[in-house]
Protein chains: 2
Amino acid sequence: MSPTRIPEATVARLPVYLRALNSLLDSDVRSCSSEELATAAGVNSAKLRKDLSHLGSYGTRGVGYDVEYLRYQISREIGLTQDWPVVIVGIGNLGHALANYSGFSSRGFRTVALLDADDSRTGELVAGLKIRSFDELTAIVHEHGVAIGVIATPAAAAQAVADQMVSAGIRSILNFAPMVLSVPDGVDVRMVDLSSELQILAYHEQRKSTLQPDDGVVA
Amino acid sequence: MSPTRIPEATVARLPVYLRALNSLLDSDVRSCSSEELATAAGVNSAKLRKDLSHLGSYGTRGVGYDVEYLRYQISREIGLTQDWPVVIVGIGNLGHALANYSGFSSRGFRTVALLDADDSRTGELVAGLKIRSFDELTAIVHEHGVAIGVIATPAAAAQAVADQMVSAGIRSILNFAPMVLSVPDGVDVRMVDLSSELQILAYHEQRKSTLQPDDGVVA
DNA sequence: CTCAGTTTGTTCCCACGTTCACAAACTCTT
DNA sequence: AAGAGTTTGTGAACGTGGGAACAAACTGAG
């Protein structure tokens, strides 16, 4: 029912809508208008309606959206109705935080293994999982059908880890190492760079201070 | 020398270029073409040149860019040549990881305080800093002239922390809590949502599996 | 049934971002 | 000094995204 490709900008906002819908459900809200949902998600209502229209026609004119139904449709579109086994490589401070992050497990993602190159840490228990050796990557990927890998290693190790992931059959990588990864076509990499975000903030902050008060960016 | 506003998309890429330049300097590369720098940064060379042209004319036709000089110019444009005191609130797993993240301190950012609402953790030493009570926020902000705050608390606490930050005078917030913050005009919020990134990957992964191999997204 | 009120889905238009292609400007050889 | 070779900076074309505005479609009252 959705043969058309969904714009990338829309895809990036779907998780936000999903979060807003969950929050509404927690407050026992069964139905909502695009206006309500838009404010809950922090976007313009016209943009919200256009985004949703790319998925299909799941609202009712004059009424609004059924919260539960819309949530299911978005989940299905993203693919959260299926199971996504995930492997995390690099169990330092950040990997530790990711392993314990409830936002992963609560949305269809299942961490099946924590790997670290430092074999002295093998066996250590983190978030209910034993840390295993990085050498086991390929076996684990095949055993659980892992398609998504998370890299939380230092920058120096990231490319080697990515190469190993790709050759093991992983086709989607979430990279927290501050390093541009090179991978073959067909493999997706999303980079989350903690320091970049701060730098972008610093740029705007500097402009707020030095220039005339022409206004900051959107909030 | 740069009176014109720099496009938002360009600002978001400047940290990437900065990282690539640092990496080149580590390899003792003194000069480079837009092509070399572009591949190191993982972007198109035309886009790189246009981005840099917004800062000024720092290259030499027929020759390329002086790595050190260009790095300085980008740093100055972002504002990294000045000191940015930062406060981190919420010292759970993630806050712990952020406090230890070298990418912050190595680029002009200086973590001046770690705060947590759980007073039983006050005094605990993390990354060379003692955890202090959240109540001290306003005093710390005034004492050190903090302009940037990092929120690494659970979602439920995030809005209250943001409100307190704003009233203490902080005008830029980096939010890791999975929650849309509402702040007054003039305050910048950047949200980093770990779970959203995984969901976006899952969407593309699903399409790779179910549809004809029309191709994945860019790598 | 009809009409007023509400809210979605969509069309149209504008702004922004990306890419191509090329003139301008530099180096180096002869 | 002149010309061949390189590489930057930019103008122009193209595509994507955002927002206003409106028609289509629903509800409910009389």
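Reminder, nothing fancy here: chain letters follow the sequence lines and each chain counts from 1.
A/Ile151 pairs with exactly one of A/Leu94, A/Leu181, A/Leu174 by the side chain to side chain contact (heavy atoms under 4.5 Å, CB included) rule, that one being A/Leu181.
Taking atom OH of residue B/Tyr58 and atom P of nucleotide D/dT10, one finds them 12 Å apart after rounding to whole Å. As a whole-Å value, the separation of A/Glu8 CD from D/dT16 C1' is 12 Å. Rounded to a whole Å, the CD1 atom of A/Ile6 is 15 Å from the P atom of D/dT16. Computed from coordinates, the B/Asp66 CG to D/dT8 P distance equals 13 Å when rounded to whole Å. Taking atom CG on A/Leu14 and atom P on D/dG17, their separation rounds to 13 Å, with Å as the unit. Per the geometry, CG belonging to A/Leu48 stands 14 Å off P belonging to D/dA20, to the nearest Å. Distance, A/Arg5 CZ to D/dG15 P: 13 Å, rounded to whole Å. Atom CG in B/Leu37 sits about 12 Å away from atom P in D/dG9, given to the nearest Å.
Among the nucleotides D/dG18, D/dG9, D/dC22, the one closest to any side-chain atom of B/Tyr65 is D/dG9. Of the listed nucleotides (D/dA21, D/dA12, D/dT8), D/dA21 has the atom at the smallest distance from the side chain of A/Arg49. With D/dG9, D/dT27, D/dG17 as the choices, the nucleotide that has an atom nearest any side-chain atom of A/Val63 turns out to be D/dT27. In the set D/dA12, D/dG18, D/dG9, the nucleotide with an atom closest to the side chain of B/Lys50 is D/dA12.
Side-chain atoms of A/Asp51 and A/Thr10 include a donor-acceptor pair closer than 3.5 Å. Counting only N and O atoms by type, the side chains of B/Arg49 and B/Ser34 include a donor and acceptor under 3.5 Å apart. With no hydrogens or angles considered, no side-chain donor-acceptor pair links B/Thr39 and B/Glu35 at under 3.5 Å. Using modelled atom types and a 3.5 Å distance limit, the side chains of A/Glu8 and B/His204 yield a donor-acceptor pair. Remark: the B/Arg190 side chain and the B/Asn175 side chain contain no N/O donor-acceptor pair separated by less than 3.5 Å.
The footprint of chain A on DNA chain C, defined by a heavy-atom cutoff below 4.0 Å, extends from C/dT6 to C/dC12.
Ranked by how close their nearest DNA chain D nucleotide is to the 5' end, A/Asn44 and B/Ala46 are led by B/Ala46. With the nearest nucleotide of DNA chain D identified for both A/Ala9 and B/Ser53, B/Ser53 has the one nearer the 5' end.
The pair B/Asp66-B/Arg30 does not count as a salt bridge, with every side-chain nitrogen at least 4.0 angstrom from each carboxylate oxygen.
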